[in-house]
Protein chains: 2
Amino acid sequence: MATLKDVARKAGLSVTQVSRALNNHSDVSARTREHVQAVARSLGYQPNLSARKLVSGRSGMVGLVVPRSPDLASDGLFMEVVAGLSTHFSAREMQFVVHVAQEGEPILPVYRRLIGNGALDGFVLIDPEDNDERAAFLTELDVPFVVHGRIGENPVHPYFDIENESIFFELTDHLLSLGHRRIALLNGVEGRSYVGARLRGYLRALAGAGVDADKAITRNCKMTEAFGLVSTVDLFSPGGDAPTAIICGNVRIAKGVYQALQALGLTVPGDVSVMAHDDHLGNLQTAAFYPALSVTDAPLRDSWEPLAGCLADAITGAPLSKLQLIGSHQFRFRRSTAAPQS
Amino acid sequence: MATLKDVARKAGLSVTQVSRALNNHSDVSARTREHVQAVARSLGYQPNLSARKLVSGRSGMVGLVVPRSPDLASDGLFMEVVAGLSTHFSAREMQFVVHVAQEGEPILPVYRRLIGNGALDGFVLIDPEDNDERAAFLTELDVPFVVHGRIGENPVHPYFDIENESIFFELTDHLLSLGHRRIALLNGVEGRSYVGARLRGYLRALAGAGVDADKAITRNCKMTEAFGLVSTVDLFSPGGDAPTAIICGNVRIAKGVYQALQALGLTVPGDVSVMAHDDHLGNLQTAAFYPALSVTDAPLRDSWEPLAGCLADAITGAPLSKLQLIGSHQFRFRRSTAAPQS
DNA sequence: TAACAAATCCGAAACGTTTCGGATTGTGAT
DNA sequence: ATCACAATCCGAAACGTTTCGGATTTGTTA
């Protein structure tokens with residue numbers, strides 16, 4: 001491998017100046033810079049990350065640590081996350097790597113190892129929980145990280161997130177404004193921070209309309225088609241106080257809900273209004289639902305670019321105010337909502 | 001982070017001796033070694049990989065590069081591979097990381113980048129193909145790697161593999177010995193090296209029994225249930241020269257075959273004998289098939305330990321003869337095979 | 001006791017990079 | 001001619017580790 005010294009010799013300059021030229025420092029003339037870059041290219045020079053890390057403290061490698069779990073593998077989510085992040089870190093000349101922890105292995109020591117030996121500059125945290133130990137740990141150790149989502153009410157960490165609270169407020173509010181008073185919420189697994197945010201949005205809308213929330217019609221589970229299906233069957237079981245509308249955490253759930261409603265002989269939106277949040281996972285076309293599904297639309301895949309940028313900036317020491325990013329979302333009203341039957 | 005110098009000071013020794021003590025070198029007394037280790041532990045010392053890499057040329061990090069692909073994510077295979085390798089490299093105090101290349105991105109430049117900046121010591125190659133460019137490239141650059149499988153007839157690279165050729169020879173031979181003469185083979189995707197090996201074993205057995213191979217009844221495809229199902233339907237389509245036995249590349253295929261046969265009103269093993277190779281993926285219980293499926297048994301999960309060991313040894317410069325490992329397999333004859341109907 | 005080998009230790013150099021402080025030019029104003 | 005100043009360059013030190021060659025101590029044998 002060609003080293004800086006090789007480039008310096010061939011360019012007839014000092015190692016110092018070559019380094020500065022390649023890193024776009026100020027005190028190197030344009031002519032020299034171009035010359036050095038040309039020479040470096042011709043030699044196929046690549047900076048040695050270890051050497052760089054040793055002196056500058058940065059290696060340009062960042063990582064994602066995931067616990068081994070059958071869930072992660074099964075849906076396409078994991079690959080989507082990894083590929084998306086990989087792409088956008090590459091674009092920033094950073095290496096993105098994944099470390100899979102063993103099942104049941106405590107996760108903090110894994111981070112400690114990865115940090116201790118100085119291989120990685122920072123981390124991306126996904127699936128944050130309400131009191132996320134990883135975030136606390138990394139904050140404590142002063143290691144840069146970015147969270148996909150927010151932890152707590154007033155987060156003091158870098159993040160990229162969508163307005164889950166607002167989204168579910170608006171979803172609920174729309175149904176309320178149509179006249180619905182009994183609105184079911186099929187939410188994700190308890191403990192995840194976005195699940196809490198969504199619930200808060202839902203409850204705030206209900207409270208605003210003076211409607212009492214009923215715990216019997218908000219459910220938490222992994223967001224699958226099966227969840228939507230069995231929940232719906234259960235919600236409409238005879239003798240129960242069935243809802244007139246259902247809000248789904250994602251489109252997969254909505255698919256299950258549609259199936260169950262059809263099986264139960266109930267129509268959308270005649271008997272039941274259905275809405276969902278659409279993260280564009282699992283290529284379910286919400287417009288192709290029958291009737292077309294009304295959704296809030298915020299593709300998950302729009303997260304990776306800001307996340308990568310955020311971590312990159314966090315590592316270079318940008319102020320927190322520049323590291324708290326919010327993604328946009330859109331309402332797409334279609335045909336799955338209507339006023340409730342009297 | 002505590003450095004070697006810190007440990008040396010606290011232990012009252014030179015940096016040199018501390019390094020030697022921690023790395024189990026010869027010329028350090030047992031008493032010193034223990035003392036040093038105790039001090040290191042008390043300080044939470046972790047060697048800096050970058051510094052180590054710089055001088056010794058080894059960082060203790062190895063990697064797997066996978067192209068982004070929807071396939072990989074969907075079946076549990078990818079997670080199984082990653083988790084297995086991760087586990088066994090950890091046990092060897094090595095860090096195992098995954099790099100996902102972008103879809104359609106040429107793979108060699110990715111390796112070049114990863115090697116050039118000196119982050120990784122070696123690679124694990126999975127899904128080798130007949131003329132694998134990655135292996136050629138890494139050999140050329142003299143970068144250690146280990147292949148899960150073999151490339152070519154007389155491989156000159158480190159590998160761990162099972163005897164695919166023998167396994168499919170024996171599978172075929174068994175059916176031949178029962179009297180079958182028309183044996184279908186549902187193989188994996190063409191180009192993969194193990195697929196070629198399996199075909200060779202099958203053909204050698206047929207040739208040994210003086211049976212002409214018929215290309216019409218050997219099929220190549222991704223090894224899914226659907227493949228088994230549609231192939232079977234096709235093989236037994238009216239007017240065709242149907243086989244009396246089917247060999248499946250894995251159990252998933254066999255499941256599809258069973259389904260199709262049942263739908264077609266054909267019995268196992270009365271009308272058709274079925275065998276498969278079982279890699280224990282996708283927790284399909286072969287003994288729970290009805291009738292219980294006869295298989296060759298070689299759990300894929302037994303591969304990760306030897307693969308990790310092999311790469312570790314390759315990096316430390318072990319001779320090739322110690323780096324070519326073969327896994328064992330077992331025959332499990334159950335109730336899915338019988339002599340063909342006259 | 002002298003000589004020698006083995007066991008145990010250490011200083012210094014090296015790996016490839018960044019960066020601090022200073023050195024060397026060239027330019028224009030005095 | 002002198003000075004100030006910017007623009008452009010360079011030497012040397014530093015990062016944390018391993019390793020080479022040699023130094024010191026200890027034990028053994030003549």
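Naming convention: chains lettered A, B, ... in sequence-line order (proteins, then strands); numbering from 1 in each chain. What you are looking at is a predicted structure, and each value in this text was computed from that prediction instead of being measured.
- When the C1' atom of D:dG16 is taken as reference, atom CG of A:Asn117 falls 13 Å away, rounded to whole Å.
- In terms of position along DNA chain D, the nucleotide closest to A:Val18 lies nearer the 5' end than the nucleotide closest to the other residue of the pair A:Val18 and B:Lys5.
- If you check C:dT18, C:dC9, D:dC10 against the side chain of B:Asp27, the one that comes closest is C:dC9.
- We find that A:Asp313 and A:Lys322 are not joined by a salt bridge, their nearest charged nitrogen and carboxylate oxygen being 4.0 Å or further apart.
- Each of D:dC15, D:dC9, D:dT18 was ranked by its minimum atom distance to the side chain of A:Leu54; first place goes to D:dC15.
- Among all heavy-atom pairs drawn from A:Lys53 and A:Asp121, the shortest one is NZ-OD1, 3.6 Å.
- Taking atom CG on B:Leu49 and atom P on D:dT17, their separation rounds to 10 Å, with Å as the unit.
- For A:Ser14 and D:dC10, the shortest distance from a side-chain N or O to OP1 or OP2 is below 4.0 Å.
- Ranked by how close their nearest DNA chain C nucleotide is to the 5' end, B:Val55 and B:Thr32 are led by B:Thr32.
- For the pair B:Gln46 CD and D:dT17 P, the computed distance is 11 Å after rounding to whole Å.
- Side-chain proximity of B:Leu4 to the nucleotides D:dT18, C:dC9, C:dG16 is greatest for D:dT18.
- Put simply, B:Ser19 has a side-chain N or O that comes within less than 4.0 Å of OP1 or OP2 on D:dT18.
- Per the geometry, CZ belonging to B:Arg20 stands 13 Å off C1' belonging to D:dT17, to the nearest Å.
- Nucleotide C:dG16 holds its C1' atom 13 Å from the CZ atom of A:Arg9, rounded to whole Å.
- You'll find that the side chain of B:Thr3 is closest to D:dG16, out of D:dG16, D:dT8, C:dC9.
- Atom CG in A:Leu13 sits about 14 Å away from atom C1' in D:dG11, given to the nearest Å.
- Inspection of the A:Ser303 and A:His148 side chains reveals an N or O donor paired with an N or O acceptor under 3.5 Å.
- Using a 4.5 Å heavy-atom threshold, the side chains of B:Trp304 and B:Val81 count as touching.
- Note on B:Ser50: nothing from the nucleic acid sits closer than 4.0 angstrom, heavy atoms only.
- Within the 4.0 angstrom heavy-atom criterion, only backbone atoms of the sugar-phosphate kind lie near B:Asn48; the bases stay farther away.
- Per the geometry, CD belonging to A:Glu34 stands 16 Å off C1' belonging to D:dT8, to the nearest Å.
- Using a cut-off of 4.0 Å between Lys/Arg side-chain N and Asp/Glu carboxylate O, B:Glu93 and A:Arg113 are scored as not salt-bridged.
- Here C:dT17 presents its C1' atom at 15 Å from NZ of B:Lys53, a figure rounded to the nearest Å.
- An OP1 or OP2 oxygen of D:dC10 is reached within less than 4.0 angstrom by no side-chain nitrogen or oxygen of A:Gln17.
- A donor-acceptor contact under 3.5 Å links the side chain of B:Thr16 to the base of C:dA12.
- Side-chain proximity of A:Ala51 to C:dC15, D:dC9, C:dT17: nearest is C:dT17.
- Note on B:Ser29: a side-chain N or O is less than 4.0 Å away from OP1 or OP2 of C:dC9.
- Aromatic pair B:Phe123/B:Phe145: centroids not less than 6.0 angstrom apart.
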